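A short write-up of the structure that comes next.
All values derive from a computational prediction rather than experimental measurement. Only heavy atoms go into these numbers, but all of them, side chains included; no hydrogens, no water, no symmetry mates.
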Amino acid sequence: MRASLSVSSSSSALRDLPVLLVAVVWGSSFLAVQRVAEPGTAVAMLVLRFGLVLPLLGMVAWPALRRLSRAEWLGGGALGLVLSGIFLLETYGAVHTSATNAGLIISLAMVLTPLGESVLSRTAPPRAFLAAAALAVLGVALLTGDGGLRPPSLGDLLVLGAALVRSAFVLATARARAVRGTDMLALTWVQLAVATAVFASVAPAVGPSPWAVARSYGPGQWAWLLHLSLLCTLFAFFVQMWAVRATSPSRVSLLLGTEPLWAAVFGITIAGNRMGPLALVGGALVMVATEWGRRTAPASVPAPAPVRRGETEAVETEAVESEAVESEAVESEAAGSVVAESATGVGERGPEPAPV
């Protein structure tokens with residue numbers, strides 16, 4: 001019996017490791033953006049980042065892409081426009097604030113999404129959830145003001161805007177009938193392709209061309225760019241698709257919920273971010289509040305696990321995936337089969353957009 005428990009524990013740890021690595025790479029994404037982008041090159045960097053991913057993802061998604069209907073292409077394209085706004089806000093925010101602040105503030109999407117759902121459904125959220133939301137607001141105030149009366153920086157406000165748009169993206173995806181039941185891989189490719197097209201069309205008007213930026217990169221910057229493209233986007237996307245079926249949704253949510261912690265670790269140890277005592281308290285309150293909010297969110301309004309970072313993306317099409325998984329579970333139970341635990345939270349229903 002002990003041997004069996006040991007093998008089971010070891011197997012569970014092995015399944016958890018890739019998900020934890022996703023949280024780690026997402027936590028590092030804000031620092032990576034600061035290493036490869038400046039205000040004048042942020043859009044060009046986004047073209048390069050997703051331009052490297054799209055061909056690889058497209059080769060895998062090609063059979064599913066051929067089966068998409070016109071309505072699914074249009075629905076995915078509309079969501080791609082919203083996704084481009086998320087990435088623009090996150091990226092510009094990341095280059096105007098600290099990696100630590102960006103990683104902690106973007107996690108507020110986990111609290112904002114259930115609040116938005118409550119407004120749309122005209123139902124009052126539990127008092128415990130409202131308390132968690134208030135605690136998150138207090139934490140952000142202490143974090144961005146460093147315990148003083150200093151107003152949030154431009155970067156802080158941009159990242160907060162990204163959290164708001166990300167929440168709207170989750171809610172729109174959950175309600176978009178045109179893409180309900182659409183293949184996850186194909187839908188992700190369409191959204192990223194549309195977002196990349198937006199970046200490519202905007203880039204010439206706001207800074208140097210992507211090609212000029214690519215030529216200016218040294219080996220170190222290329223390493224960070226590949227980190228963003230291959231790990232924060234491609235790796236994270238496929239791990240999430242695998243994890244939602246291979247392990248417990250609650251474990252996935254818990255592990256991905258450590259992303260803000262890793263953002264703070266990378267920001268303080270590598271980027272040299274300095275936080276005063278009250279700012280440290282504020283950061284801790286944000287992490288506690290987002291986890292508390294995730295656990296106390298209304299049953300009909302599941303809180304998303306963090307993905308940014310995006311991508312990744314790697315995008316936040318959780319609701320569609322969850323409905324498919326839950327449907328399979330119901331059918332299997334009716335047949336008397338033993339069904340694995342299905343995803344129950346918006347953020348646990350499939351890949352999210354990776355942060356920046």
*What about Val60 and Leu230, same hydrophobic cluster or not, with Ile/Leu/Val/Met/Phe/Trp/Tyr joined at side-chain heavy-atom distances under 4.5 Å?*
yes
*In terms of heavy-atom contacts, does CH2 of Trp62 have more than 12 from other residues, nucleotides or ligands at under 6.0 Å?*
no
*Between Glu72 and Val190, does a side chain to side chain contact (heavy atoms under 4.5 Å, CB included) hold up when you go through it step by step?*
CA-CA 9 Å; Glu72 289 174 322; Val190 172; over 6 Å; no
*Using modelled atom types only, decide if a donor and an acceptor are shared between the side chain of Thr41 and the backbone of Ala37 within a distance under 3.5 Å.*
no
*asked:* Checking Ile270 against Arg35 for the side chain to side chain contact (heavy atoms under 4.5 Å, CB included) test, could you report, in this order, the C-alpha distance in whole Å, the side-chain angles of both residues, the deciding distance, and whether it holds?
replied: CA-CA 11 Å; Ile270 298 179; Arg35 292 291 191 266; 3.7 Å; yes
*CH2-OG distance between Trp262 and Ser28, expressed to the nearest 0.5 angstrom*: 10.5 Å
*asked:* Just so I know, are the side chains of Leu187 and Gln191 near enough to count as touching, which here means a heavy-atom distance under 4.5 Å?
replied: yes
*Side-chain heavy atoms under 4.5 angstrom apart, residues restricted to Ile, Leu, Val, Met, Phe, Trp, Tyr: same cluster for Ile86 and Leu154?*
yes
*Kindly give the heavy-atom pair with the smallest separation between Phe30 and Ala102, and that separation in Å.*
CD2-CB, 3.4 Å
*Spacing of Leu65 atom CG and Leu185 atom CG [to the nearest 0.5 Å]*: 7.5 Å
*Test item: Thr91 side-chain N/O and Leu88 main-chain N/O as donor-acceptor pair under 3.5 Å*: no
*State which residues pass side chain to side chain contact (heavy atoms under 4.5 Å, CB included) with Ala289; sequence neighbours excluded, sorted by chain then number.*
Leu135, Ala136
_Test item: Thr258 side-chain N/O and Leu261 main-chain N/O as donor-acceptor pair under 3.5 Å_ = no
_Leu21 vs Phe235 side-chain heavy atoms within contact, under 4.5 Å_ = yes
*For the residue pair Met45 and Val33, establish whether any side-chain heavy-atom pair is separated by less than 4.5 Å.*
yes
_Hydrophobic clusters here meaning ILVMFWY residues chained together by side-chain heavy-atom distances under 4.5 Å, can you tell me if Leu226 and Val239 are in one?_
yes
*How long is the span from the OG atom in Ser29 to the CD1 atom in Ile106, to the nearest 0.5 Å?*
9.5 Å
_Taking every non-hydrogen atom, the tightest pair across Pro208 and Val213_ = CG-CG2, 3.7 Å
_Leu120 and Arg175, any side-chain heavy atoms less than 4.5 Å apart_ = yes
_Could you work out, with ring pair (Phe, Tyr, Trp, His ring centres under 6.0 Å) as the rule, every residue matching Trp292, not counting sequence neighbours?_
none
_Looking at Ala94, is its backbone amide N or carbonyl O close enough to the side chain of Gln34 to form a donor-acceptor pair, meaning the two atoms are under 3.5 Å apart?_
yes
_Donor-acceptor under 3.5 Å (Asp183 side chain, Ala64 main chain)_ = no
*asked:* Nearest 0.5 angstrom please: Leu48 CG to Leu52 CG, how far?
replied: 6.5 Å
*For His227, which residues count as a ring pair (Phe, Tyr, Trp, His ring centres under 6.0 Å) partner, sequence neighbours excluded?*
Trp224
*Might you point out which heavy atoms bring Ala109 and Pro114 nearest each other, and give the distance in Å?*
O-CD, 4.4 Å
_As a quick check of understanding, evaluate side chain to side chain contact (heavy atoms under 4.5 Å, CB included) for Val36 and Leu228, giving each step before the final call._
CA-CA 10 Å; Val36 296; Leu228 281 170; 3.9 Å; yes
*Ala133 and Leu115: which non-hydrogen atoms are nearest, and at how many Å?*
CB-CD1, 4.1 Å
*Sub-4.5 Å side-chain heavy-atom contact between Thr97 and Ser153*: yes
*Kindly work out whether a path of hydrophobic side-chain contacts (I/L/V/M/F/W/Y, heavy atoms less than 4.5 Å apart) joins Trp211 to Val53.*
no
*Is there side-chain contact between Met275 and Leu143, with heavy atoms separated by less than 4.5 Å?*
yes
*asked:* Given 3.5 Å as the limit, does a donor-acceptor pair link the side chain of Ser229 with the main chain of Leu234, or not?
replied: no
*Is Val25 reachable from Leu17 through a run of I, L, V, M, F, W or Y residues, each pair having side-chain heavy atoms under 4.5 Å apart?*
yes
*Locate the shortest heavy-atom distance separating Ala236 from Trp26; write the atom from each residue and the value.*
CB-NE1, 3.5 Å
*Report the distance from atom CZ of Phe169 to atom CG of Leu79, rounding to the nearest 0.5 Å.*
5.0 Å
_Steps toward side chain to side chain contact (heavy atoms under 4.5 Å, CB included) verdict (Leu57, Phe238)_ = CA-CA 10 Å; Leu57 192 61; Phe238 284 110; 3.8 Å; yes
*Pairwise side-chain contact, Val140 with Leu160, heavy-atom cut-off 4.5 Å (strictly under)*: no
*Atom of Ala163, atom of Ile105 and distance for their closest heavy-atom approach*: CB-O, 4.2 Å
*Using a 4.5 Å cut-off on heavy atoms from C-beta on, say whether the side chain of Ser107 contacts that of Met287.*
no
*Can you check whether Ala42's main-chain N or O pairs, donor with acceptor, with Tyr92's side chain at less than 3.5 Å?*
no
*Just how far is it from atom CZ of Arg127 to atom OG1 of Thr296, taken to the nearest 0.5 Å?*
14.0 Å
*Quick check: does any side chain N or O of Ser201 sit under 3.5 Å from a backbone N or O of Val198, one acting as donor and the other as acceptor?*
yes
*Is the Phe87 ring parallel, tilted or perpendicular to the Phe50 ring (thresholds 30°, 60°)?*
tilted
